[in-house]
Amino acid sequence: MSESPDTGSLLSASSQLNLMEVDAIDDKEFDIPQVDTPPTLESILNELEDEEEPFVLEDTCLLNTDNMDAHSYDTSSLASSDSGDPAHLKRRRRTVDPNATVHGSVLRHSLLKGISAQIVSAADKVDAGLPTAIAVSGVIAVGTSHGLALVFDTNQALRLCLGTKTTGAEFGAISALSINHDCSRLLCGFAKGQITMWDLANGKLLRTITDAHPPGTAILHVKFTDDPTLAVCNDSGGSVFELAFRRVMGMRSCDSRCLFSGSKGEVCCIEPLRVPPDLRDHPITQYSLLAMASLTKILVIGLKPSLKVWMTFPYSKSDPSSVPQLAWQFVPVQKTVNPILAFCKGDTVHFLLVKKEETGTIHVIKQRQLHLSCDIISLSWINSRTLVLVDSHEKLQVVDRPSQEVLETLDLEHVQLVYNSRHFKSLATGGNVSQALALVGEKACYQSVSSYAGQIVYLGTKSAHIMTLRNWRERIDCMLKQEHFVEALALAWSFHEGTAKAVVGLFGDPLKRKGVIADKMVEILFQVAEHALKKCPEQGKIQVMEQHFHDVVPLLVDYCLLLQRPDLLFNQLYARLVENTVAKGVFLESLESYIVADRLGHLTTPIMRDLLAHYHDNNMMDSLERCIVHLDVTSLDIQQVVRVCWDNQLYDAMIYVFNSGMNDYITPMEKLFDVIGPPLREGRSLTDEEVVMGNKLLVYISCCLAGRAYPLGDIPEDLVVQVKNQVFEFLIHLHSADSSEEEEVFPFIRTLLHFDTREFLNVLAMTFEDFKNDKQALEYQQRIVDILLQVMVDNPDFTPSQVGGLFTFLARQLAKPDNTLFVNRKLFDQVLEFLCCPDDDSRHTERQQVLLELLQVCGMVQFNEERLLALAEKAKFYQICEFLYEKKHLYDRIIDCYLRDPLRKGEIFSYIHNLLSMPGYSPDEKKTVKNKVLQHTQELVTLDPNKSADLVMFHFTEEVQQIISELQDDLLLFKFLSCLLEPREGHLSGTVLLLERDLQELLLDLLCQFDPQKLLTFLHTSQHYRLEEAIQITHKYHHNEATAYLLEKKGDVHGAFAVLLETLKENLCLLMAGSDAGPKGGDGGHGEGDRYGESTVMKTQDTLNNIIALCHRSSHNLDQHQRQNLWFPLLETMMASQKQVKGINTKHTSEMLKELTMKVLNCMSSFISLPAIIQRILQDPVYGKGKLAEIQGLILGMLDTFNYEQTLLETTTSLLNHDLHWSLAHLQAAVTRGLHPRQDYCNICLQQYKRRQTSAEEIIVFSCGHLYHFQCLQQKDCGRGSTSVRQQRWSCYKCSSSQGGRSGPAAEAKRGRSTSLAQNRVTSMHHDAGAEPGKKKVFVEATLDPQQEQSWDQLRCLYRGPSRLSILSDLSHSHSSEKTGFLLPTQPASENFQLKLAPPPLLEE
């Protein structure tokens, strides 16, 4: 047999498990030697019927996808596009992301056909029963429900059938299997608790163990350890036992030791640490570690050299039905290989790294855990980085542990996994297991999954299946077979870069591996190209064909460049694609993005020729230009490219070719000057195309002078100075190369100045910034400035604006601190005259800024100050004036500058404040500034009243009256005073001003004129006005609300009431007039009339609310007669207004007035008795002479109020009575409750409470449950209160002493339950043995301890004090203006209260 080189199996040569070799099963190799006994089960199972054919096991290691039969399963990753979704056929892929994650099919899933057929055959022919357990090592063992164990070799041939149906009937089903490390022994655990050991060499039964664990429990697990004489088993009682096998003088025996008792928590999973063959000498082996999973925690114990628990780890919260899982794996960590225990219960997998310390102890380190959104029922390692999980929905997931990424998901539903639920419920022994274990057993499938050497076998009810990792080639080939080329290349690239997960079959050093994968990728690229050409639609729209190749060609380019194989791309692949013209075009167009991204810098000559031709033919000149400026010049045919660029106006490309290809930086400038020079000389306006060329020329010159390459990159360092000098020499040429006699001098500079003076000067300014110590450059700088002056000064061809731009440029250059330019003295006068020209408004700010910089740098050496000041004032250069005044210390003149400068007016306040606050100025200077400010008070206040007020507060507190007298405008004065008198924190002068009563009253007067809305707010917040003067002011302007507030504040309640009542009458008159005139107007004024009526109604309601609030506030301090003098005029006013409402159009007004009148009645009912109100209504001449129907609404409303209050009172009284009854009933129940002592002995003498049978003895029981003899308590002096025995109160000795021996009130208050709720003192009389034992003399005395008395007193005080209604009454007054009814105030100790609550008023229709 040949083993695939890609399997990577850890098997030793002696025990290789090659379950997938392609070999026909030979019938003869199953022949059983002739014996005297009847035919055995093996011979029956191996007899082939005529129609049967030999079973052949597919070797999936060597299997490719072409010969996969119907019993093998191709799988797909969640991350791959192999999801059955046809949408991927419509994808339009332009570029490739090399970092995209693609895993493909990671697992190879194969059916073990030979074993599956044997299982079915055994069940059908010899009634072996259904499979129940499987174990895999060098052989495969399958246990059945009738107690038989079928042993298969690596070719799936049945080698042994262990056990008989007779033993199966006695022992039950096989519930667990285990094979030792050298495949010489098999342990079988049974559903009825027995364990058997078999010799796998000859099929002999070696041991039958029946007493290893308690009877009546099923074996859940039996496992060999690395020591062949040691095994462990776990039963359905949750206990774990160690089995030690002995052989003394030919006698085999087994000693059992309990490692963990199920009474401490049931264990349902065990896993000994089995070491691979190549790690037999690992230091951890000497401990023989065993992991156990109970329903609540994980334990790791060592069986050697002595039993020791190394670690316990509790689970996090999980579903009680979740199955605990354990799995060991040796993993390389930091250059050492140590075991990691993976365990889970529910959806979280935890990892524990176990290693031996130098001290000889085991150290357990918790690793990063893995969270999944599923309930895990099986957990296995398939290699040191990869886990295979099965969830409760029988979905298999392959997970990469380092990245915690799910690589693939498979459905195992067709496997029909075998579950171990019957054994967990121990049905064969009567089902005597806990509910918790039975619940876990519902999803337990421990015996159906067995992993060994990178292979996992799953046992189904009629079949066995094996899972292995595919090697890297196979994973790629799976995708190629399905024509998923994009994913196949992405997966191959991940192998190449080392980012792929679960990689199998790649060996050697990284370079060699990359070479192997690169060869495979080249092969795939050829397949992709061939497939694209083959599948190209022959007919149809050209767009469809283009799209077809757009999905493929970028793929080829991408990966060729990633593999650094442009030769492959431009030779073999391009030669193949050229056969199709559409493919060729798409290929050439797709190169653009790679060239522009600088991923492709060199093209072969044929490709470049085709690229030029294709882009030219398809009018893609912009794309061609972008490509040329990124390509290596050596790959270009320079003559051809220059001709194409010039013909198609690709100036960027042309400049790039000249610069990079020939190091020629001047020729492009000459060509561009030839284009834009003639029209400028002739005075023609430039076309858009010529303007673009001119701008390019300026940018190009700027780049050359700055050492930058155009359009991108940098000029080589050794050429920077040379290029700069060449450009300067070119610009200062006296004449051009092919000049005519009419040409003016310095044509190039002249052309640039005519094209765009400002931008050309900006280019020069940026260039001059870099000239520091370069002597040559400074000479060029001086020469160019001289030429500029020669060309532009006194030249009528240039506008004043252009000449001004030159002067501004020169001024900036001269203003530099390190300036080396020499300019004629007369030029300064010209610059000054130009900059200060009052007739030129253009660029005013810029000219002023330039002159300011010039002054600050050069000082006044070059200028006459007096002349400069005159020019600056004339040109309105106020900053220049400030600069000059500052030097002369004329600070008052600077204030004029600020006031005249529209851009800096707002800064004047900061300037004045700083000048008056800072110490650097003399008193005379500050006084001058103060006088200047006082002269311009009106302007400053107009500019910003708030900042002016701040200035006055800080610096002009003594001149306030003078400032106010100068402010002529009342509105301006009002704004200023509002800001000035606004309360400020932390400033004393503000407080002084607040006390100026004249100012306050002046502001009050101005408020009445300009902002009456804020009048009341001012009166509330300010306290510095005089009441009499304020009343006169508000009365003068007829602001009645403010007047009423002031009168009430003065104490004149009736005066305030009269003022508000007058306002109410005025509003009611307006309302009446409005209701009479309402329907008469035309359509045009209808909306305006409605708005007027609404505002009048609002005013009326507001005034009425104010009067009611005033009456409420005042009624508490008035007697009954004075109250009537307030309320009755208000009621009469409202009733009188109702009489005046007449007509058919006044229904709404009438209803509203009735509602307001009812509101007045409800409010006054809290202060005036109802009989007085009714009497007053009946005395009214209208109502007195009229019929009762007119006042029916008022009286019915008051009756409704009475009924409502009566109902509320009855309900409240009932609630209070119920509360009192409930409290007393609970207190009585607590007092009379019986007590139950905790024990039957005295807590002092520790003797039985009936220590002497002959004498009567009193016993005291406390509510805390402690019991004492009466005499013992007396001796300990635990009594309190009266000296009388009957009246004495007791405290529990034990609880009292536990308080630290403290006595007194504080200690008593803390005793809590130490004193009894009802101290029961029981006197018991016991007779001798002959007497009747049931008779007792019992005396019960019920009393209250001090705490209970205190609580009872508090309860009584609660009901003796203010009732709930009293409290409710007090609270109701805080909402006096919002409620429709009010409560009378109630004294705290009085229960004689009147409840005055009214429902909302009812309006009659």
Side-chain angles (χ1 to χ4, degrees), residues 1027 1031 1040-1041 1043-1066 1068 1103-1139 1153-1154 1156-1186 1190-1191 1193-1195 1197-1199 1201-1202 1205 1366 1369-1370 1372-1388 1390-1398 1401:
L1027 274 176
I1031 290 170
N1040 290 343
E1041 286 186 28
T1043 307
Y1045 170 76
L1046 293 169
L1047 286 170
E1048 186 183 2
K1049 189 175 181 181
K1050 181 183 174 185
D1052 186 1
V1053 175
H1054 289 283
F1057 177 78
V1059 171
L1060 289 176
L1061 191 63
E1062 182 186 349
T1063 308
L1064 178 64
K1065 288 178 180 177
E1066 290 174 3
L1068 286 171
T1103 309
L1104 183 62
N1105 288 336
N1106 291 335
I1107 298 178
I1108 290 173
L1110 173 66
C1111 293
H1112 264 293
R1113 289 193 299 270
S1114 307
S1115 293
H1116 295 292
N1117 304 318
L1118 302 176
D1119 58 23
Q1120 189 67 24
H1121 178 68
Q1122 290 172 324
R1123 290 179 184 175
Q1124 290 180 2
N1125 288 341
L1126 278 182
W1127 287 101
F1128 281 144
L1130 175 61
L1131 179 63
E1132 288 168 0
T1133 302
M1134 293 305 300
M1135 290 168 61
S1137 65
Q1138 291 187 53
K1139 306 171 203 168
L1153 288 173
K1154 281 185 181 180
L1156 294 178
T1157 308
M1158 201 66 205
K1159 183 176 183 178
V1160 173
L1161 281 169
N1162 285 333
C1163 294
M1164 65 189 292
S1165 64
S1166 299
F1167 301 99
I1168 298 175
S1169 61
L1170 288 177
I1173 296 174
I1174 293 175
Q1175 184 180 0
R1176 189 60 174 243
I1177 293 172
L1178 294 176
Q1179 286 176 357
D1180 186 273
V1182 177
Y1183 292 117
K1185 297 174 183 177
E1190 295 184 23
I1191 58 169
L1194 298 175
I1195 294 175
M1198 288 190 283
L1199 289 174
T1201 303
F1202 169 75
E1205 291 175 354
S1366 304
S1369 171
D1370 292 338
S1372 69
H1373 292 296
S1374 63
H1375 309 290
S1376 58
S1377 62
E1378 300 171 11
K1379 302 289 182 182
T1380 55
F1382 301 91
L1383 290 171
L1384 282 170
T1386 311
Q1387 297 300 325
S1390 171
E1391 294 291 344
N1392 299 321
F1393 54 84
Q1394 293 181 347
L1395 187 64
K1396 298 291 183 184
L1397 292 175

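None of the values given here were measured: they were computed from a predicted structure.
Between Ile1168 and Gln1120 the shortest heavy-atom distance is CA-NE2, 3.5 Å. Residues His1112 and Cys1163 approach most closely at NE2-CB, 3.9 Å, considering heavy atoms.
The CZ atom of Arg1123 sits 11.5 Å away from atom SG of Cys1111, with the distance rounded to the nearest 0.5 Å. Distance NZ/Lys1159 to CG/Asn1162: 10.0 Å, rounded to 0.5 Å.
The aromatic rings of Phe1167 and Trp1127 sit parallel to each other, their planes meeting at less than 30°, with 60° as the upper class boundary.
Residues satisfying the side-chain hydrogen bond (donor to acceptor under 3.5 Å, both in side chains) criterion with Thr1133, sequence neighbours excluded, are absent altogether.
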What's the verdict on side chain to side chain contact (heavy atoms under 4.5 Å, CB included) for Leu1110 and Leu1126, showing C-alpha distance, side-chain angles and the deciding distance?
CA-CA 10 Å; Leu1110 173 66; Leu1126 278 182; 5.9 Å; no
Might you work through the side chain to side chain contact (heavy atoms under 4.5 Å, CB included) test for Met1134 and Leu1156, ending with a clear yes or no?
CA-CA 8 Å; Met1134 293 305 300; Leu1156 294 178; 3.6 Å; yes
What's the verdict on side chain to side chain contact (heavy atoms under 4.5 Å, CB included) for Leu1064 and Leu1130, showing C-alpha distance, side-chain angles and the deciding distance?
CA-CA 9 Å; Leu1064 178 64; Leu1130 175 61; 3.7 Å; yes
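The side-chain heavy atoms of Ile1107 and Thr1063, taken from C-beta on, include no pair separated by under 4.5 Å.
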Compile the donor-acceptor pairs under 3.5 Å between side chains in residues 1050-1061 and protein atoms, sequence neighbours left out, one pair per line.
| from | atom 1 | to | atom 2 | distance (Å) |
| --- | --- | --- | --- | --- |
| Lys1050 | NZ | Glu1028 | OE2 | 2.7 |
| Asp1052 | OD1 | Gly1055 | N | 2.8 |

